[in-house]
Each structure stands twice: as C-alpha cells, then as structure tokens.
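Below is one structure; the comments refer to it alone.
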Amino acid sequence: MVLSLFGLKRRHLFVRALHLGKQFTTPNAEEILFKAICVNLRERKWRFLDQLSSSLTNSVLPRVFHEFRSSPHVVLELYQRVSASKSVLDSLETCCIVIQTMVNCKNYDDALFLMKELMIRRGYSPLEILEVLLDTFASRFPCDAVFDTLVRACTELGSSEGAYSVIEKLRTEGLFVSIHAWNNFLNHIVKVDDDVCCRFWFFYKEMVSYGYFENVYTFNLIIYALCKECKLLAAICVFYKMLKSGIVPNVVTFNMLVDGACRISEMDVALKLVRNVRIMSGGYVVPNIVTYNCLINGYCKLGDVEIGERFLDEMIETGLEPNVRTYATLVDGYSRKGMLDEAFRVCDAMVEKGLMPNSVVYNTVIHRLYVEGDVDGASSLLSDMIEKYISPDKFTHSIHEKGLCRNGHINEALSYHKCIVEKNLTEDAFSHNILIDYLCKSRNILAAQQLVCSMFVRGLIPDIVTYGTMIDGYCKEGNINRAVEVYDDIIKVKKNPNLVVYNSILDGLCKEVSVDVAEVLVEELKGTSLYDVITHNTLLNGYCISGKIDKALDLFLKMRKERISVNEVTYNILINFMCKLGLIQHAKELVSVMITQGIFPDCITYTTLVTSMNKESSAEEVVELHDYMVLRGVNPDGETYRTIVYPRIEQIGFGLD
DNA sequence: ATAGGGTTAG
C-alpha cells in the first residue's frame, strides 16, 4: 500500500515534470525533473526517458550523469540516447563523465573523439579537461587510462605542448603518469623533430630521470630516433642493450633497424638483419610485409630496382602477400630511373593481384611524366585518376603545379593553385613553396613575396623551405640585405636554419659581397660540423669567380685529401673555370680525371665544354667532343645540341641528307 | 607503433 502510494506520487511528479519541461526555472521544478529522471533511469525505463529528452535542460543533464557516474551502462545508454537531441559537449563535466565511462569500458576511440571535440569545438584546453576529470573521479576511479587517452588526444591533434602540460600537471600533483603516456608523447615528438631529434632526447632524458624503465615501445622509439639521425651503429647497440635488460624485441624493432640501414644505403647490414631475424630474436620474430617493403625501398632508392623486384618474388614465395605499398615502391623505383614501361608493367602485376593503384602510384607516374616533359601524358593520367574516383591529394596538387612550372606554364600553375587554395585543399606549405621558387627563378620576387603574405592570410605557416627559398631568391637577385632580414625572421619564429639556408647565403656572399666574408661563414659552419659537398662547391665557385686560382686549387685538393665528397658539380665548376681562362685542353683533361675517379660527366659538363669550345674551335673539334661525351654516357642537353652541335654536324656534311 | 609519392642549395 505504501509502495503503491509512493509510486503514484512519483508518477504524478513525473507527469508534471514532463508537461512543464524546459519552462521550469525555479530550483524546485528542476529538482522534480531531476528526481523523475533518476527514478526512471534506476528502473531502466528508457521509453519514459526518451519522451523526457526534449525537456532535459543543460543544468539537469550534468546532474543526472553525475548521479549515475558509477553505472557505466546507464551512462553510455543515456549518452547515446541523449546525444542525438542534445549536445553532451555543452557541459564539460558531463562530457568528462562519459569519457571516463568509455575509457573504463575500453572504448578508447569514442573517448578520444569526445576529448578532441571538447578541444576543437569547445576550445577547452587539455588542462581544463584534466582538472574536471580529476575533480569528478579522483577518489572513485583510480584509472590512468583516461590520462593516457588525454595525452593521446593531444598528440593526435598535433599539440605537443598540450600533451606535455598534462604529463607535467599529473606529475606535480603527485599522480601517476604511465609509461604509455610517456611513450605516446615521445612518439609524437620524435615525428615532429627535425633530422636531429633534439626535443626527443631532451624529454626522454627527463622521463628516465623520474625513474621510468623503458619497455619495448620505448626502446623502439629510441632505435627509431637514432636511425632518423643516421646513427645505425648506435641503434644496433641499443638493440643489444635491450636484449641485455631482458626486453624482447619485436618485428617493429627489427623493421626499424632494417629501414635505418636501408636509408643510409647500408644494404649489406639490412640484408644481414633480415636473414638473421629469427636467430637474433630467439626464433620469436619473422620478417613481415613491412620488412620486405623496407628492403625493396632501399634497393629501389639506390637504383637497383631489379634486385628490389627479386625480393617481391621472395616475399611471395615465403607466403607473404605484397600490398599496395610494395608495388608503389617498385613503381617509384622504375619511374626514378626513367623506365616507365617497367613501371607500368608493375602496375599491371599489381592489378592482377587484385590490388588497385592508389593516389601514391598515380602521383609517382604523373610526376615522372612531367619530368620527362610529357605534359599531355601527365594530364590524361590525372583525368584517368579522377574518373576512377581516386581523389587527388596534396601530393597530386604539388606535382601538378610543379609539373606545369617546369614545363613553362607558370600562369596555368598559378591559376590552378588559386583554385586549390579557394577550395581549402592546401594543407601545408609545400605547393606554395613550389610556386614561390618558380616565381623567384623567373625574377618575379615581388609576386613570390605576395604569395608568402597570402600564406599568412590563409593561416598557413611558412616552413623552413619557404624561408630558404625566399633567401635564395633575394640572394640571386643580389639583395643580400633582404636575404639577411629573412634569416632574422627564421630566428624570430624560432625555426632552425638548415644547411640549405646557409649554402644559399654563402652563395650570395660569394657573388655579392666577397669570397673572404664567405670564407668566414664556412669556417663557422665547419666549427659546428654543419657543412656538405655543396658548401665546399659553393666556396670553390666563389674562389673561381673572383679569380683566386691558388685558393680554388687549394680547396679542391683539400676536398679530395680530406675525403670531403667531391662530385660532378665540383668538376663542372673547375671545368667551367678552366674554360673561362681559355684552358680548354686542361678542361678536357679534367673530364678524364673525373671519369677515373668514378664520377661521370653530366649534361652541364657537356654544355660547358661544347659552348666554350664553339668559340674558338673548328666544327670537327666540336663534333668530336660531342661524340666523346656521348660515348661516355652523357645525355646531351637538347638545346645545346640543337643550337650548337647539330649546325656543326651539318656544316661538316654529316647531317641528314 | 615500423614501410611507398611532392619543395629549397652548387
């Protein structure tokens, strides 16, 4: 009797609440609504609740979620029913309860999604979210997974600062930060770091200083970072250290080492690793698709595509199914060598295996067609791609723009770019950089400058390449002052000037200021071990153009003696210099020298020699030189051949009849 | 988790 009375009363309240719904503004009315919902929820009367959902106010909902925060099923069911009509995101606390519940049920994907929504759409900072998570649950759910998830949400949104702020806050509050959270953070850092993983090592040391022990994932990250820095031996040492401390390496560990070896062209090491994976891991690890793809990529990048393809066969023999990446790598390998017929053959093989070429495959081939000057072929392949519903991506756009530029259609490239920008399809600075470069090269630095400004307007942040390209543009224009101003900008925005930037400035100094000043810069760079063959070539060229014969020869000998690599450009600079001095015989001798050193003359060598010889030699001598170069595998520069060599051939009478 | 395609220097 008492029970039924109670039920009656409750029902009465419920109906009232339903009628008055949202209009209730007095605390009392809200109280009734709240209680009505709670009662129905406890009895899992979802149908009543669905009717009520339109009456749920923003202040009631959080209270309900709070009330049921210990009943995951209720929270999730309520969330699903309610989120259709109301935004749970409106209340940070509600959202945190849902997130926590999802994490407890190991539903990390949805928890991640909600966290990201809170940050992107509601503008909450990671710390604000953390604060509420801690307030609501600290005592009830000692669950680190929710903090791990928050760190992950930050890194997936690209916010290193956010991720670190969470870790830092937890630590200063005396709360536990899991190794997973650290690994996730470090993983993000190592990927955004430059070639030298400064920040990664900094934070890794911090983690170790708190007494953490590395797990497999951490060790893999360390190996990855070392490989990225091209320190293969150090990476292998870490591998042994890992074994010593009883951590069992997995296939990812090996793949990182294999890839690291391939990227520095240490194919022997890579192969040894692959052949010994089983033994080195105590029979635990066997190569997988990724292993083979790394190996194939290594050979392809060295130009040994045929060897790469043999590994495709081996992989199939061992029962591993190649994937699109495998074929895409081979297509790229053949394309780079200019063997498009072979590239298409691989595409066919891929289709036969039931794999569809994706945008990467198309991009690769389109790029090559543009390089070969086949604008029509490239654009028809682009149409084919769109017809097959393979959407062009940011690579396609860049390749298309660059392809148009390099074939002399700068205006078309600019209007295509405009189109892409208007559709908001530009994600990074890449395509801008390409056009900026071409504008600079076509002496239109003002337009290049405007393009940089438009990036800021669009919210695109110029990267180091943008700055480097502008610096080079100003240097080539002879405006060293502006170049230095851009350099100062790089420092201001806390970016790292790289070697390319320094080499550009160096060239500018040689040409516009003095080679003596350039010399000082080179000394400074060598002091920080930041120099390469281009640095030396640029200085060598500087000596040559300012007529410092002694210094030029000195540097050349030093480069050979100190085993600083000497390449075909080095010889081209010297050959050009000899020609300018009228010492064509010396220049020709240099060609033999370079060949004996295993360095092959290119079309620049050809043009340099042919052009200067043309001035003072007979037609026979010019043609003889042409034959000499062609026999040594040089592809003559078409323009030079047409304007200089061919007329001479005709002159002698060997022309086509 | 690890593997494939586009930019800057002589």
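Sequence lines set the chain letters: A, B, ... in the order given, protein chains first and strands last, and positions in each chain run from 1.
We find that A:R368 and A:E372 are joined by a salt bridge, their nearest charged nitrogen and carboxylate oxygen being less than 4.0 Å apart. A salt bridge does not link A:D148 to A:R152: none of the charged nitrogens lies less than 4.0 Å from a carboxylate oxygen. Salt bridge annotation for A:K558-A:D554: absent, with no cationic side-chain nitrogen under 4.0 angstrom from a carboxylate oxygen.
OP1 or OP2 of B:dG10 has at least one side-chain nitrogen or oxygen of A:K476 nearer than 4.0 Å. Proximity of A:R336 to the phosphate of B:dG6: a side-chain N or O atom is located under 4.0 Å from OP1 or OP2. An OP1 or OP2 oxygen of B:dG4 is reached within less than 4.0 angstrom by a side-chain nitrogen or oxygen of A:N297. Residue A:K301 has no polar side-chain atom (N or O) positioned under 4.0 Å from OP1 or OP2 of B:dG4. Neither OP1 nor OP2 of B:dA9 sits under 4.0 Å from any side-chain N or O of A:K511. Between B:dT7 and A:K441, no contact under 4.0 Å exists linking OP1 or OP2 to a side-chain N or O.
When rounded to the nearest whole Å, the span between CG of A:L369 and P of B:dG6 equals 14 Å. Straight-line distance from the OH atom of A:Y327 to the C1' atom of B:dA3: 16 Å, rounded to whole Å. Rounded to whole Å, the distance from NE2 on A:H188 to C1' on B:dT2 is 17 Å. Spacing between atom CG of A:L499 and atom P of B:dT7 amounts to 19 Å, rounded to whole angstrom units. One atom, CG of A:L506, and another, C1' of B:dT8, lie 15 Å apart when rounded to the nearest Å. Between the NE2 atom of A:H536 and the P atom of B:dA9 there is a distance of 20 Å, rounded to whole Å. Taking atom CD1 of A:I434 as the reference point, atom P of B:dG6 lies 10 Å away to the nearest angstrom. The distance between atom CD1 of A:I573 and atom C1' of B:dA9, rounded to the nearest whole Å, is 11 Å.
Between B:dA1, B:dA3, B:dG10, one nucleotide has an atom nearer to the side chain of A:I534 than all others, and that is B:dG10. Of the candidate nucleotides B:dG10, B:dG4, B:dT7, B:dT7 has the atom nearest to the side chain of A:F430. Of the listed nucleotides (B:dA3, B:dA1, B:dT8), B:dA1 has the atom at the smallest distance from the side chain of A:N220. For A:S504, counting side-chain heavy atoms from C-beta on, the closest listed nucleotide (B:dA3, B:dA9, B:dT8) is B:dA9. Of the candidate nucleotides B:dT7, B:dG4, B:dA9, B:dT7 has the atom nearest to the side chain of A:V465. Closest to the side chain of A:N288, from the set B:dG10, B:dT2, B:dG6, is B:dT2. When each of B:dG10, B:dG4, B:dG6 is scored by its nearest atom to the side-chain atoms of A:H367, the top-ranked nucleotide is B:dG6. You'll find that the side chain of A:K394 is closest to B:dG6, out of B:dG6, B:dT8, B:dA1. When the nucleotides B:dT2, B:dG6, B:dG10 are ranked by their closest atom to the side chain of A:V252, B:dT2 comes out on top. Minimum atom distance to the side chain of A:K402 is reached by B:dT8, of the listed B:dT2, B:dG10, B:dT8.
Applying the ring pair (Phe, Tyr, Trp, His ring centres under 6.0 Å) criterion to A:Y502, with sequence neighbours excluded, gives A:Y487. Under the side chain to side chain contact (heavy atoms under 4.5 Å, CB included) criterion, A:V634 pairs with A:P601, A:Y606, A:M629, sequence neighbours left out.
In this structure, A:N567 reaches the bases: a heavy-atom distance under 4.0 Å links it to at least one base atom across the strands shown. Among the protein residues, A:V365 comes within range of no part of the nucleic acid, since none of its heavy atoms lies under 4.0 Å from any strand. Using a 4.0 Å heavy-atom criterion, one finds that A:D532 contacts the bases of the nucleic acid, with or without backbone contacts as well. Contacts of A:T329 with the nucleic acid, taken as non-hydrogen atoms under 4.0 Å apart, involve only primed sugar atoms and P, OP1 or OP2. Counting any heavy atom pair closer than 4.0 Å across all strands shown, A:N572 reaches no nucleic acid atom. Nucleic acid contact class of A:N215 (heavy atoms, under 4.0 Å, all strands): none. Within the 4.0 angstrom heavy-atom criterion, base atoms lie near A:S359.
Contact of A:T538 with B:dG10 (side chain to base): no donor-acceptor pair of N or O atoms is detected under 3.5 Å. For A:N323 and B:dA3, a side-chain-to-base donor-acceptor distance below 3.5 Å is present, hydrogens and geometry of angles not being considered.
Side-chain rings of A:Y571 and A:F556 approach one another, their centers coming within less than 6.0 Å.
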Does A:Y474 form a side chain to side chain contact (heavy atoms under 4.5 Å, CB included) with A:E485? I'd like the steps, not just the answer. CA-CA 10 Å; A:Y474 284 125; A:E485 277 173 39; over 6 Å; no

